[in-house]
Number of protein chains: 2
Amino acid sequence: MNSPEEVVDFIYNGHQRFLPHLSIDCVIFGYHDQQLKILLIRYHDQEHWSLPGGYVERQEGLTAAAHRILSEKTQLTNLYLQQFYTFGDSPTRLNRIEIQDNHNKVYAKANVAIDEEHWLSKRTLSVGYYALVDYHEVSVTPEFLVVDYAWVDVNAVPSLQYDHNEIIDKALLTLRSQLYQQSVGYNLLPEKFTLSEIQALYEAILGKPFDRRNFRKKMVALGVIRQLDERRKIGPHRSPYLYDFNLENASKLQEAGGVIF
Amino acid sequence: MNSPEEVVDFIYNGHQRFLPHLSIDCVIFGYHDQQLKILLIRYHDQEHWSLPGGYVERQEGLTAAAHRILSEKTQLTNLYLQQFYTFGDSPTRLNRIEIQDNHNKVYAKANVAIDEEHWLSKRTLSVGYYALVDYHEVSVTPEFLVVDYAWVDVNAVPSLQYDHNEIIDKALLTLRSQLYQQSVGYNLLPEKFTLSEIQALYEAILGKPFDRRNFRKKMVALGVIRQLDERRKIGPHRSPYLYDFNLENASKLQEAGGVIF
DNA sequence: ACAAAAGTGTTGGAAGTACACCCATGA
DNA sequence: TCATGGGTGTACTTCCAACACTTTTGT
């Protein structure tokens, strides 16, 4: 929504296109400079930052909606995207006055106001998805109502709107727990990468350092990555081997994963 | 809903009380006779069985709704209940004609019909919860539109309505993967139980046998259960020790659980 | 005394962890 | 030649899996 006209159309006609009472919130993890960051946005006249999100079209699959929303926000397609929980308990989600009030502050920028009975004033549940994207390839779409965006370090997330902090916590927990069952990182690293690169990624995600030798043993033994017969030149140092993801194994890991016995 | 009048009221006025487009489906695992079973229901004039489910009230938390629905169906409160996934992709969920048609077959019993624009004809997403209940304590509430119910073995689930088979598969996967991080079974076993009892439960859930000695070592080492200084008399056999759940540890396990490192 | 269930300990293998030295490269 | 990052192996510990005999108890 890039213009006031589009916003007005959304507010008045959106209920025909979208399901009410339900939104998707995306925790978009980006990796850059050996840090794990999250993409936050701030709407017009809002004190708190929010997660990027959107609504589900009436005849659209849920997963498809999540992909669409993510690509609308980041211009990226075909990303690693994973549903992790549906949020519908927080008292802030049930407080109609606060919801309506916040919306109206935002929509004031387009000179529109909504009343208590408007579809956007209603309580919503939110399905949480997390995504892993390459920070560099993201170009955040400028939207009329979004006045600011920022990548913040996962360890320094400010106080967010509604229950979005809780959503991020759960996303991180889920991401961490799935790290060794999925080829997480497939979207964050070039096709071929060095051991150090993927180790730095895992360290950023899990927030702790690993031993080089043990890390390699584990990743290769699990079948997540494969060593290639190729090296990369990297300045005044020994040339490291390249690796790639073993995607055949990935699906097997995923099926077995989660089930401990 | 025990009478045609209540059904009619629900159909005509339910949209005021409940959120549209959203339901909760419960995979109710019951344990009996060393078998893990699932509670299924069959609505009037429906060929396929379904999972018990319900709708979320407009000002009700999602978790609260799940508990309410479960206790409406089983008369049990305070159960182990866990959200596991939200389903919104299956083509059967988007096929309005099929949905409306199925509803109308069911509602014919109350001499009501709904049209294409009715709130119950619309596409719904479904939040999946699973519960663990003691088969014996459940008294399934007779409902006017539900003509039959059955406990079926998890290994012999018939073909169900919509995507309910998929929901059960995911529920089982989740239950199995969480088995050692949560005090699953707290609601299925008496406060004090023998090792054999809990082992039989775990075997039923995971579908494979364990070695007595190794099982005991593992459960005690993980801190899930504690051996008591007490035995039970069980007929012409040696008296087994009693155990109980170590609920203090349970919360710690739960926090650490899922996160592998 | 016997049938049925429960209690108990050891061993070998696999996986995980800790740890340090040498090598390659470009400036 | 030096500074920097990369490559590599071993010993120790812990966890898991396999495995069988003895004890208790009521009839």
Side-chain angles (χ1 to χ4, degrees), chain A residues 33-34 176-177 179-181 189-190 192-204 206-244 246 249 252-253 256-261, chain B residues 33-34 176-177 179-181 189-190 192-204 206-244 249 253 256-261:
Chain A
D33 220 6
Q34 313 197 342
R176 285 176 175 159
S177 74
L179 244 201
Y180 292 98
Q181 272 96 55
L189 294 174
K192 298 172 180 180
F193 46 86
T194 69
L195 237 213
S196 297
E197 287 169 343
I198 191 170
Q199 185 179 338
L201 169 64
Y202 273 59
E203 289 177 343
L206 292 167
K208 44 181 96 168
F210 300 104
D211 178 86
R212 272 212 313 286
R213 293 160 286 192
N214 296 335
F215 182 74
R216 178 179 180 284
K217 253 182 288 179
K218 176 165 189 167
M219 296 295 278
V220 173
L222 279 173
V224 177
I225 58 172
R226 278 184 309 206
Q227 182 169 347
L228 302 176
D229 202 17
E230 210 179 329
R231 290 159 175 258
R232 177 190 292 165
K233 293 237 177 288
I234 50 153
H237 308 297
R238 182 171 182 168
S239 310
Y241 280 104
L242 290 174
Y243 292 76
D244 70 357
N246 187 346
N249 252 27
K252 290 181 209 156
L253 282 167
V259 180
I260 289 174
F261 260 64
Chain B
D33 217 6
Q34 313 198 344
R176 286 177 175 161
S177 74
L179 203 40
Y180 291 97
Q181 273 96 53
L189 295 173
K192 299 172 181 178
F193 47 86
T194 68
L195 237 214
S196 298
E197 287 169 343
I198 191 171
Q199 185 179 340
L201 168 64
Y202 273 59
E203 289 177 342
L206 292 168
K208 47 181 95 169
F210 299 105
D211 178 86
R212 273 212 311 286
R213 292 161 284 190
N214 294 336
F215 182 75
R216 178 180 180 284
K217 254 180 286 179
K218 175 165 190 169
M219 296 295 279
V220 173
L222 278 174
V224 178
I225 59 173
R226 278 184 309 208
Q227 181 169 348
L228 302 176
D229 203 18
E230 210 179 328
R231 289 160 174 255
R232 177 189 291 166
K233 292 238 178 289
I234 49 153
H237 308 297
R238 183 169 181 168
S239 308
Y241 281 103
L242 291 174
Y243 291 77
D244 70 357
N249 252 26
L253 281 169
V259 182
I260 290 174
F261 262 64

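Keep in mind the model is a prediction, meaning the values are calculated, not measured. The sequence lines fix the lettering, A, B, ..., with proteins before strands; numbering per chain opens at 1.
- Distance, Asn214(B) CG to dT8(C) C1': 12 Å, rounded to whole Å.
- Salt bridge Lys192(A)/Asp244(A): absent, no basic N to carboxylate O contact under 4.0 Å.
- Counting heavy atoms of neighbouring residues, nucleotides and ligands inside a 6.0 Å radius, atom CD of Gln34(B) does not exceed 12 of them.
- Ile234(B) pairs in a side chain to side chain contact (heavy atoms under 4.5 Å, CB included) with only one of the listed residues (Ser239(B), Ser196(B), Pro240(B)), which is Pro240(B).
- Rounded to whole Å, the distance from CZ on Arg232(B) to P on dT25(D) is 15 Å.
- For the pair Glu197(B) CD and dG7(C) P, the computed distance is 11 Å after rounding to whole Å.
- Mapping Asp211(B) and Ile234(A) onto DNA chain D via the closest heavy atom, the residue that lands nearer the 5' end is Ile234(A).
- When distances run from any side-chain atom of Lys217(A) to the nucleotides dG26(C), dT10(D), dA18(D), the shortest one goes to dT10(D).
- Under a 4.0 Å N-O distance rule, the pair Glu203(A)/Lys208(A) does not qualify as a salt bridge.
- Atom-to-atom, CG of Leu242(B) to C1' of dG7(C) comes out at 14 Å; the value is rounded to the nearest Å.
- Between Arg212(B) and Gly235(A), the one whose closest nucleotide on DNA chain C sits nearer the 5' end is Arg212(B).
- Geometrically, Lys218(B) does not engage Tyr202(B) in a cation-pi contact, judged by NZ or CZ lying under 6.0 Å from the ring centre and within 45° of the ring axis.
- Rounding to whole angstrom units, CD of residue Gln199(B) and C1' of dA6(C) are separated by 11 Å.
- Using a 4.0 Å heavy-atom cutoff across all strands shown, Ser196(B) reaches sugar-phosphate atoms only and no base atom.
- In this structure, the CZ atom of Phe210(B) is 19 Å from the C1' atom of dA6(C), given to the nearest Å.
- Between dG7(C), dA17(D), dA20(C), one nucleotide has an atom nearer to the side chain of Tyr241(B) than all others, and that is dG7(C).
- Residue Gln199(A) comes nearest to Asp211(A) through the heavy atom pair NE2-C, 4.2 Å, listed as atom of the first residue, atom of the second, then distance.
- Comparing dA20(D), dA18(D), dG7(D) by their nearest atom to the side chain of Leu195(A) picks out dG7(D).
- Side-chain contact annotation: Tyr243(B) with Arg216(B), donor-acceptor N/O pair under 3.5 Å present.
- Residue Arg213(B) places its side chain closer to dA20(D) than to any other of dA18(D), dA20(D), dT8(D).
- For Ser239(B), whose side chain is taken as the heavy atoms from C-beta onward, the closest listed nucleotide among dT25(D), dG7(D), dT10(C) is dT25(D).
- Rounded to an integer number of Å, the gap from CZ of Arg231(B) to C1' of dG26(D) is 16 Å.
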When you compare the protein's N or O atoms with those of nucleotides 2-4 of chain D, which come within less than 3.5 Å of each other, and at what distance?
{"from": "dT4(D)", "atom 1": "O2", "to": "His237(A)", "atom 2": "ND1", "distance (Å)": "2.5"}

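- Every residue was checked against the salt bridge (charged side-chain N to carboxylate O under 4.0 Å, His left out) condition with Arg231(A), not counting sequence neighbours, and none meets it.
- Counting only heavy atoms from C-beta on, Pro240(A) has its side chain closest to dG7(D) among dT17(C), dG7(D), dT8(C).
- Atom CE in Met219(B) sits about 13 Å away from atom P in dC16(D), given to the nearest Å.
- For a distance-only test at 3.5 Å, the side chain of Arg216(A) fails to qualify as a donor-acceptor partner of the base of dG7(D).
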